[in-house]
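Scroll down for the structure; my scribbles are underneath it.
Below, all heavy atoms of this structure are taken into account, side chains as well, without hydrogens, waters or symmetry copies. Protein chains get the first letters and strands the later ones, always in sequence-line order, with residue 1 at the start of each. As the structure is a prediction and not an experimental result, all values here were calculated from the model.
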Amino acid sequence: MKINILSRDKKMPAFVGPLLAVFILSIILSLISDRFLSLDNWMNILRQTALNAIIAIGMLMVMLTGGIDLSVGSVAALAGCVMGVLLQSGVHNEFVLIAAGLATGAAAGLINGLLFTQLELPHPFVSTMGTRMIFRGLALLITGAAPISGFSAGILFLGYENVAKIFPVSFVLVIFIFLGINIFLNKTALGRKVYSVGGNKEAARLSGINVKRTLNFAYMMSGIMAAVAGIVLLGRISCAFPVAGETFDMDAIAAVVIGGASFLGGKGTVMGTLIGALLIAIIRNGLDLLGAMSDAQFVVIGAVIIVAVLVDVIRTKTEEKSRRLAQAKVME
Amino acid sequence: MSEIAVELRNITKIFSGVTALDGMSIALKKGEIHGLIGENGAGKSTLIKVLSGVHIPEKGEIIFDDQPAKYTSPLEAKRMGITCVYQELNIAKDLSITDNLFMGEYVKSKSGLLDYTYMNKRAREVMEEMGQDLEPTKQCGLLGMGQQQMVEIGKSILSNSKVIILDEPTSSLGEKESQLLFEIVKKLKAQGKAILFVSHKLEEIFEHCDVVTVMRDAKHIITTPTSAINKDQLISYMVGRTLSNLFPKIKTTPGDVAMEIKDFSSVGAYRNINFKARYGEILGFAGLVGAGRTELFRGIFAADKKDSGQIIIDGKVQNIKSPAKAIANIAFLTEDRKAQGLVLSETIARNISLVNLSTFTRGLFLDDKKIISQAEDCVKKLRIKTNSIYKLAGDLSGGNQQKVVIAKWINMKANIFIFDEPTRGIDVGAKIEVYNVMNDLIKAGKCVIMISSELPEILGMSDRVIVMRGGKIMAEIDCSSDQFNQEDIMKAAWGGVLKS
């Protein structure tokens, strides 16, 4: 992926650290388990990456503005359930169903945005924690807390089908989405506004940027991405499941943070987020192969998050120092 | 025991190359109210902070009770007997009066738990001493500004301070509350406490202070009994410097009215503001910090809401509801570069293109080539010291950051440029370059408004100056008028009435 020329001069991008971790981890795992390097296993990893990556790219946009979206898992479930209820009421057209799912996500995201920008609630942590429960509750309500199956292959293929019998369609989707969002964030005015609003809200506002609209847009994108993930999930488990995706929010935040984004906003890349999601999937996969229990997985992934952020902090500090020294030379 | 409570001798304090106090000396006597005045940036705040232990001076000594004193924190100063009531009150609004009074110095009973019975009793006594009959368990946020200040002063009484510093205590108080405050101050004086009273109000100094010290350019100028001096003399001591030729003023012929402001008001910030700014002139806005100048222009730029008022640009009434609307006509170079002007985590190039991002697009996408070439032009033209336009704005020095802010706005189609404190904190060379930018703008027939708290700059660059105080316009002086001098502008800024 081409790194945008305007972003920074020289220096290594933030995702080099996690990328290195991916390589080192892969080497270690391939030595321990002979199954790790097999094509099948790698396709499995990509399949596992896909869901988290799709949610994480939406989360990235929200976190670039300095916010957070805790409702993504609920939105993913709700989108699927809305489609399920429509299906039960006799709608079978795939396009209508998918459009309904995406519209659900967009609406949910817009609500999150408006709660923050219009009601001026203090931080989206609070408002999205609230909507997280509300959307989950709605999903349970409309389905009567029961899974809904019976979707046609035209919808389910996103979750289970493979290209050339091996490469998961869901990861093809990830590639398209990530390329699109990367171009959007770096090459369009609205994309740059997302970064500017996160970097300095007041400076952006006084520069004539419509901050509220930019924020609403970011949350809406997060909702839409969550809905896309919800649709992929339909294919994965072949039914709409109202309690699905309970841990989606934390996994997505972990991927974004491992990828070098800052909680304060203004910092983070599409590439980093993809590598973050990949790293988490590899760790899960490796520990599975080694027969580790899920409790061990939690411990390891938790530790990886902390180390990743620590590495980023150290990297930022050394970089800052070298930049200062360079600037001091210019001033002389 | 001498009558001097605390004395600062030859104190020097330097902040990253800027001398904030230069061999400053002052002695506060017991049972005396000592006024301290000076222009913005004269060094009053630094003096207060050295005295109250916030800053540690590079040179000089502090004599307390005839003994050389060494304290390195506000807490140590407080334990010794020096406390300061800052202009921005340090009150925890959600806590009770008692909690605020005893903050950090809680009294425990034998059981090891907090002794609220005792603390509440003391709190009531202290507040009563100041004529305030208040329930000590009352939440401080429910009190008026004046009462909150009493709580702050109560802290000083409670810790039995010998020296009390009051930093512009009446700036947010009404007439009645101010009177009450002075009654308390007089009581404290009668108890033998030494009081340092910093104020921007000359009447208060003359009415309540026994002696007054004037500071200018980080130095001590004079200390005199207030009975031996008058207002005009005090003002000339405050400004007393001559203009140097730092200002490359050019002569232009002002053109049509660019912007007219009618009846602008915002409760608590400014009232009934009316003025006209013309093309081809620099209109200076002078006044003390807090006179409402920045607030006024934030209101005009729609960065904050106003209560009423009309903006007429080029003869047409404009309905400006947001900065996004305002930028079509107005460029606003904000006072605080770091907080409001720049995205420090972004590159110079991106900051320069921030205002008019949409004009940098080609079709759906941003035109990187255009962004880069414009950024490179600006770096050259404004002589921004950097080796690359990809450098982060946060890594530049103050002067260069200011130039990036200027670059950001200069390529706009706007015809009205508002510079808010454009040279604050930047070195002399960069200042002259900023002035030259303003000159280029008026030569090109644009309208420039410059808010500045530095009088020499106002006099050196303005064609006309409007003086504000307490949210109102006090005077409008043309550069051809014989009132276009430091003394008269200062007089107006301090609330005096100029003869017309």
Side-chain angles (χ1 to χ4, degrees), chain A residues 2-11 14 64-66 180 182-214 261-262 264-268 316 319-332, chain B residues 298 301-303 322-328 330-334 336-351 353-361 363-368 371-372 375 384-397 399-400 405 408-409 412:
Chain A
K2 189 179 153 230
I3 297 151
N4 190 283
I5 44 166
L6 277 179
S7 54
R8 319 254 149 117
D9 55 337
K10 49 172 180 129
K11 75 149 208 166
L64 280 177
T65 68
N182 190 48
I183 292 170
F184 166 74
L185 280 177
N186 290 305
K187 292 284 178 186
T188 69
L190 185 54
R192 290 319 305 170
K193 285 176 187 174
V194 170
Y195 276 95
S196 301
V197 167
N200 188 339
K201 207 169 275 181
E202 184 67 0
R205 191 170 78 95
L206 293 179
S207 298
I209 289 174
N210 192 330
V211 172
K212 288 186 174 180
R213 198 185 295 163
T214 311
S262 157
L264 299 174
K267 202 180 125 206
T316 311
E319 231 176 62
E320 213 164 88
K321 202 174 158 193
S322 67
R323 282 206 314 266
R324 260 179 227 292
L325 289 176
Q327 180 62 16
K329 257 183 216 153
V330 176
M331 299 298 291
E332 271 164 16
Chain B
R298 282 179 67 90
F301 193 67
S322 68
K325 287 255 169 60
I327 59 171
I330 306 172
F332 186 31
L333 291 86
T334 46
D336 189 338
R337 295 183 286 274
K338 290 188 177 171
Q340 299 162 3
L342 294 170
V343 183
L344 297 175
S345 57
E346 294 264 29
T347 59
I348 295 174
R350 285 225 159 113
N351 270 290
S353 60
L354 191 62
V355 184
N356 36 0
L357 254 185
S358 38
T359 63
F360 285 106
T361 47
L364 273 177
F365 301 112
L366 287 173
D367 186 348
D368 281 348
I371 294 178
I372 291 167
I384 299 173
K385 277 186 199 156
T386 175
N387 50 7
S388 147
I389 56 168
Y390 306 123
K391 187 146 262 168
L392 299 189
D395 292 338
L396 299 174
S397 69
N400 285 303
V405 175
K408 191 174 102 170
W409 289 104
M412 295 278 306

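- Across A/Ala204, A/Ala189, A/Gly198, A/Gly191, the residue that shares the most heavy-atom pairs under 4.5 angstrom with chain B is A/Ala189.
- In this structure, CG on B/Leu364 lies 8.0 Å from OG1 on A/Thr188, to the nearest 0.5 angstrom.
- The heavy-atom pair separating B/Lys408 from A/Ala203 by the smallest distance is NZ-O, 4.4 Å.
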Exercise. For side-chain contact (heavy atoms from CB on, under 4.5 Å), just list the numbers for A/Tyr195 and B/Val343, CA-CA rounded to whole Å, side-chain angles, deciding distance to a tenth of an Å, and then say yes or no.
Key: CA-CA 9 Å; A/Tyr195 276 95; B/Val343 183; over 6 Å; no
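- Using modelled atom types, one finds no donor on one side chain facing an acceptor on the other under 3.5 Å when comparing B/Ser345 with A/Lys267.
- For A/Phe184, no part sits under 4.5 Å from any heavy atom of chain B, backbone or side chain.
- Contacts with chain A were tallied for B/Ala326, B/Ala302, B/Pro323; B/Pro323 has the most, counting heavy-atom pairs under 4.5 Å.
- Rounding to the nearest 0.5 Å places CG of B/Leu357 at 6.0 Å from NZ of A/Lys193.
- Taken to the nearest 0.5 Å, the CG atom of B/Leu354 stands 10.5 Å off from the CG atom of A/Leu206.
- If you measure heavy-atom distances from B/Arg298 to chain A, the contacts under 4.5 Å come from the side chain alone.
- Residue with the most contacts toward chain A among B/Asn351, B/Ile327, B/Asp336: B/Ile327 (heavy-atom pairs, distance under 4.5 Å).
- Interface remark: B/Ala331 contributes no atoms to any contact with chain A (heavy atom separation under 4.5 Å).
- In this structure, CG in A/Leu190 is found 11.5 Å from OG1 in B/Thr361, a value given to the nearest 0.5 Å.
- Most heavy-atom pairs under 4.5 Å with chain A, from the set B/Gly341, B/Ser322, B/Ser353, B/Ala339: that is B/Ala339.
- Distance check: A/Lys187 NZ to B/Asp367 CG gives 9.5 Å after rounding to the nearest 0.5 Å.
- Only the side chain of B/Phe301 comes within contact range of chain A, with at least one heavy atom under 4.5 Å from a heavy atom of that chain.
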